[in-house]
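Here you go, one structure.
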Protein chains: 2
Amino acid sequence: MSDVPHILVVDDSLEIRNAVSRYLVKNGMRVTKAENASEMDAELAKSRFDLIVLDVMMPGEDGLSVCRRLSSNGSIPILMLTALGEEMDRIVGLEVGADDYLAKPFNPRELLARIKAIVRRSARPEVFGGTLTGKRIRFGHQMLDTDTRVLVDDEGVEAQLSVSEFKLLTVLLERPRLVLTREQLLDLTAGRTPGLFDRTIDNQISRLRRSVEKDPMRPKLITTVRGEGYCLSAEVEDAS
Amino acid sequence: MSDVPHILVVDDSLEIRNAVSRYLVKNGMRVTKAENASEMDAELAKSRFDLIVLDVMMPGEDGLSVCRRLSSNGSIPILMLTALGEEMDRIVGLEVGADDYLAKPFNPRELLARIKAIVRRSARPEVFGGTLTGKRIRFGHQMLDTDTRVLVDDEGVEAQLSVSEFKLLTVLLERPRLVLTREQLLDLTAGRTPGLFDRTIDNQISRLRRSVEKDPMRPKLITTVRGEGYCLSAEVEDAS
DNA sequence: GACGCCACGTTACAAGCCGTTACAAAGCCG
DNA sequence: CGGCTTTGTAACGGCTTGTAACGTGGCGTC
């Protein structure tokens with residue numbers, strides 16, 4: 001997620017696509033347009049979006065179906081748009097996984113306000129847009145070069161991180177002060193779900209601490225939250 | 001956030017409070033009611049909520065003001081409720097920091113759907129240390145570093161707190177001079193409700209006092225209020 | 001003032017969580 | 001194919017934490 005929200009507008013009506021797009025762009029957002037569900041899928045594959053404005057009535061796969069499909073796996077917020085102002089439609093829309101629902105005709109300012117409310121809410125407290133690639137990151141008393149995977153502390157001592165140590169560290173750096181469960185960490189670092197007695201993350205944390213912590217016996221940066229997970233407790237800043 | 005969402009309903013009309021409350025409870029949520037802004041504040045101090053349903057028109061501090069106040073610092077989602085269905089009111093509500101807006105009279109099912117949508121969306125990993133994250137807090141004759149969970153007294157003696165000691169202490173530090181029952185403390189620290197003869201909190205207080213009190217036999221900071229609960233009696237200030 | 005009840009403090013203990021070490025499998029590079 | 005590093009799994013031991021049990025002191029009653 002970058003600094004300006006990136007919105008994907010999906011509607012079969014050219015007129016509405018353009019009107020919505022123009023208004024959002026004018027108010028400082030980045031907008032991409034799609035005419036139907038398959039175009040939308042193509043766009044989703046190409047870039048990252050902060051929110052989808054989705055028309056319910058469309059030729060081909062309709063909005064409800066799209067919504068069900070996306071909200072089941074993904075986590076992209078959806079604002080549904082429709083000509084039908086009926087209460088039942090609104091409710092079904094929300095129950096199907098949309099984050100908000102607006103009936104046409106709508107006031108563009110209300111659309112903007114609702115988009116902002118959702119984006120504000122789902123804005124992750126990440127410092128960086130999910131990618132630290134090519135940056136140099138300061139945290140605690142050291143700096144990480146994300147290109148070379150080299151860690152340099154304030155005294156100039158360097159340490160080379162292994163691939164998995166580096167991956168784990170970046171995942172933590174992207175979410176400072178957030179408690180992450182082992183399951184989340186394993187998912188984020190390796191894309192897999194833990195077995196029943198999986199101690200993989202414990203071990204990786206232990207290895208990472210050897211490189212990152214001044215005193216690995218008394219970890220200050222990567223703290224354990226018993227019964228929940230681990231947490232990077234330090235300021236993180238871009239020092240590129 | 002525990003397994004069932006905890007909703008705070010703020011409305012000056014008894015009728016609406018009860019109706020909303022009944023419907024939400026029936027649908028598997030936990031509900032607490034407040035009649036006005038100050039009652040709301042009292043409830044907010046006492047337990048943890050996943051969402052606030054907030055009436056705009058209230059005697060005393062009105063909904064918009066409350067909303068501005070809460071959304072500036074906190075991160076509790078707010079759903080605004082109002083008799084005025086005017087577009088401008090909706091927009092102002094959203095722009096003031098509400099997450100959603102619903103006009104009375106409303107369909108309870110839609111209210112539920114919107115609440116679920118917001119709660120679903122804002123379910124995110126826990127920020128460690130609550131509102132005290134990353135700060136250093138002075139109280140009594142000592143200072144707590146919320147990053148490292150280390151307690152330093154005026155003579156420079158350090159003590160490492162365990163996770164549960166730390167959580168209990170931060171909960172108390174966020175509410176100085178307020179008497180909290182064991183039930184509230186257990187809810188705030190562990191997100192669970194006490195069993196019939198649950199002495200967990202007594203024990204944790206006892207352990208915490210060993211680290212915090214100069215003379216653990218005669219506690220001055222964490223005082224016992226017989227028959228009610230515990231209370232942190234000291235000035236608390238941010239010393240970051 | 002003595003007694004008993006009850007709330008609370010403390011200790012003891014057991015279960016479970018977590019850190020670490022050791023080892024084996026898998027990858028990497030020549 | 002062989003040595004090296006990296007990474008997952010297993011095992012041991014220490015520490016944290018909830019539960020139970022016992023002791024103690026306050027408060028009301030007589």
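Residue numbers start from 1 in every chain, and the chains themselves are labelled A, B, ... in the order their sequence lines are given, proteins ahead of strands.
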query: So what does Arg210(A) touch, heavy atoms closer than 4.0 Å: a base, only the sugar-phosphate, or nothing?
result: base
query: Arg218(A) has an atom CZ; how far is it from atom C1' of dT20(C), in whole Å?
result: 15 Å
- prompt: When you check the phosphate oxygens OP1 and OP2 of dG19(C), does a side-chain N or O of Thr224(A) lie under 4.0 Å from one of them?
  reply: yes
- request: Using a cut-off of 6.0 Å, state whether more than 12 heavy atoms not belonging to Arg138(B) lie near its atom CZ.
  value: yes
Rounded distance in Å - NZ (Lys167(B)) to C1' (dG18(D)): 15 Å
- prompt: If you look at every strand shown and take non-hydrogen atoms under 4.0 Å, does Pro216(A) touch a base, only sugar-phosphate, or nothing?
  reply: sugar-phosphate
message: How many whole angstroms separate atom CD of Glu228(B) from atom C1' of dC6(C)?
response: 16 Å
task: Name all pairs fulfilling the side-chain hydrogen bond (donor to acceptor under 3.5 Å, both in side chains) condition that reach into residues 171-182 of chain B, sequence neighbours left out, sorted by first residue then second.
output: Thr131(B)-Glu174(B), Arg177(B)-Glu235(B), Arg182(B)-Asp202(B), Arg182(B)-Tyr230(B)
query: Over how many whole Å does the gap from Asp202(B) atom CG to dC6(C) atom C1' extend?
result: 13 Å
Arg182(B) CZ - dC6(C) P separation (whole Å): 16 Å
Compile the donor-acceptor pairs under 3.5 Å between side chains in residues 7-15 of chain B and protein atoms, sequence neighbours left out, one pair per line.
| unit_1 | atom_1 | unit_2 | atom_2 | d |
| --- | --- | --- | --- | --- |
| Asp11(B) | OD1 | Ser13(B) | N | 2.8 |
| Ser13(B) | OG | Glu15(B) | N | 3.4 |
| Ser13(B) | OG | Ile16(B) | N | 3.1 |

task: Measure from the side-chain heavy atoms of Asn203(A) and tell me the nearest of dC18(C), dT21(C), dC8(C).
output: dT21(C)
Thr148(B) side chain to Lys220(A) backbone, donor-acceptor under 3.5 Å: no
message: Among residues at least two apart in sequence or on other chains, which ones pass ring-ring contact (aromatic ring centres under 6.0 Å, His included) with Phe139(A)?
response: none
message: From the set dT11(C), dG9(C), dC18(C), return the single nucleotide nearest to any side-chain atom of Tyr230(A).
response: dC18(C)
Could you give the side-chain donor-acceptor pairs of residues 18-29 of chain B under 3.5 Å, partners two or more places apart or in another chain?
| unit_1 | atom_1 | unit_2 | atom_2 | d |
| --- | --- | --- | --- | --- |
| Asn18(B) | OD1 | Lys33(B) | NZ | 3.0 |
| Asn27(B) | ND2 | Tyr23(B) | O | 2.8 |

Can you name the atoms? Protein N/O to nucleotides 15-17 of chain D N/O, anything below 3.5 Å, with the distance.
| unit_1 | atom_1 | unit_2 | atom_2 | d |
| --- | --- | --- | --- | --- |
| dT16(D) | O4' | Arg226(A) | NH1 | 3.3 |
| dT16(D) | O2 | Arg226(A) | NH2 | 2.9 |
| dT17(D) | OP1 | Ser164(B) | N | 2.9 |
| dT17(D) | OP1 | Ser164(B) | OG | 3.2 |
| dT17(D) | OP2 | Ser162(B) | OG | 2.3 |
| dT17(D) | OP2 | Ser164(B) | OG | 3.0 |
| dT17(D) | O5' | Ser164(B) | OG | 3.3 |

Spacing between Phe166(A) atom CZ and dT6(D) atom P, to the nearest angstrom: 15 Å
- line: Rounded to whole Å, CD1 of Ile201(B) lies from P of dA7(C) at a distance of 17 Å
message: Using a strict heavy-atom distance below 4.0 Å, which residues from residues 191-198 of chain A are in contact with DNA chain C?
response: none
query: Taking atom P of dG8(D) as reference, at what distance in whole Å does atom CD1 of Ile205(A) sit?
result: 13 Å
query: Taking only residues two or more places apart in sequence, or in another chain, which ones meet Glu213(A) in a side chain to side chain donor-acceptor pair (under 3.5 Å)?
result: none
- request: Would you please name every residue forming a ring-ring contact (aromatic ring centres under 6.0 Å, His included) with Phe166(A), sequence neighbours left out?
  value: none
message: Taking only side-chain N and O atoms of Arg199(B), does any of them lie within less than 4.0 angstrom of OP1 or OP2 on dT10(C)?
response: no
query: What residues, two or more places apart in sequence or in another chain, satisfy side chain to side chain donor-acceptor pair (under 3.5 Å) together with Glu183(A)?
result: none
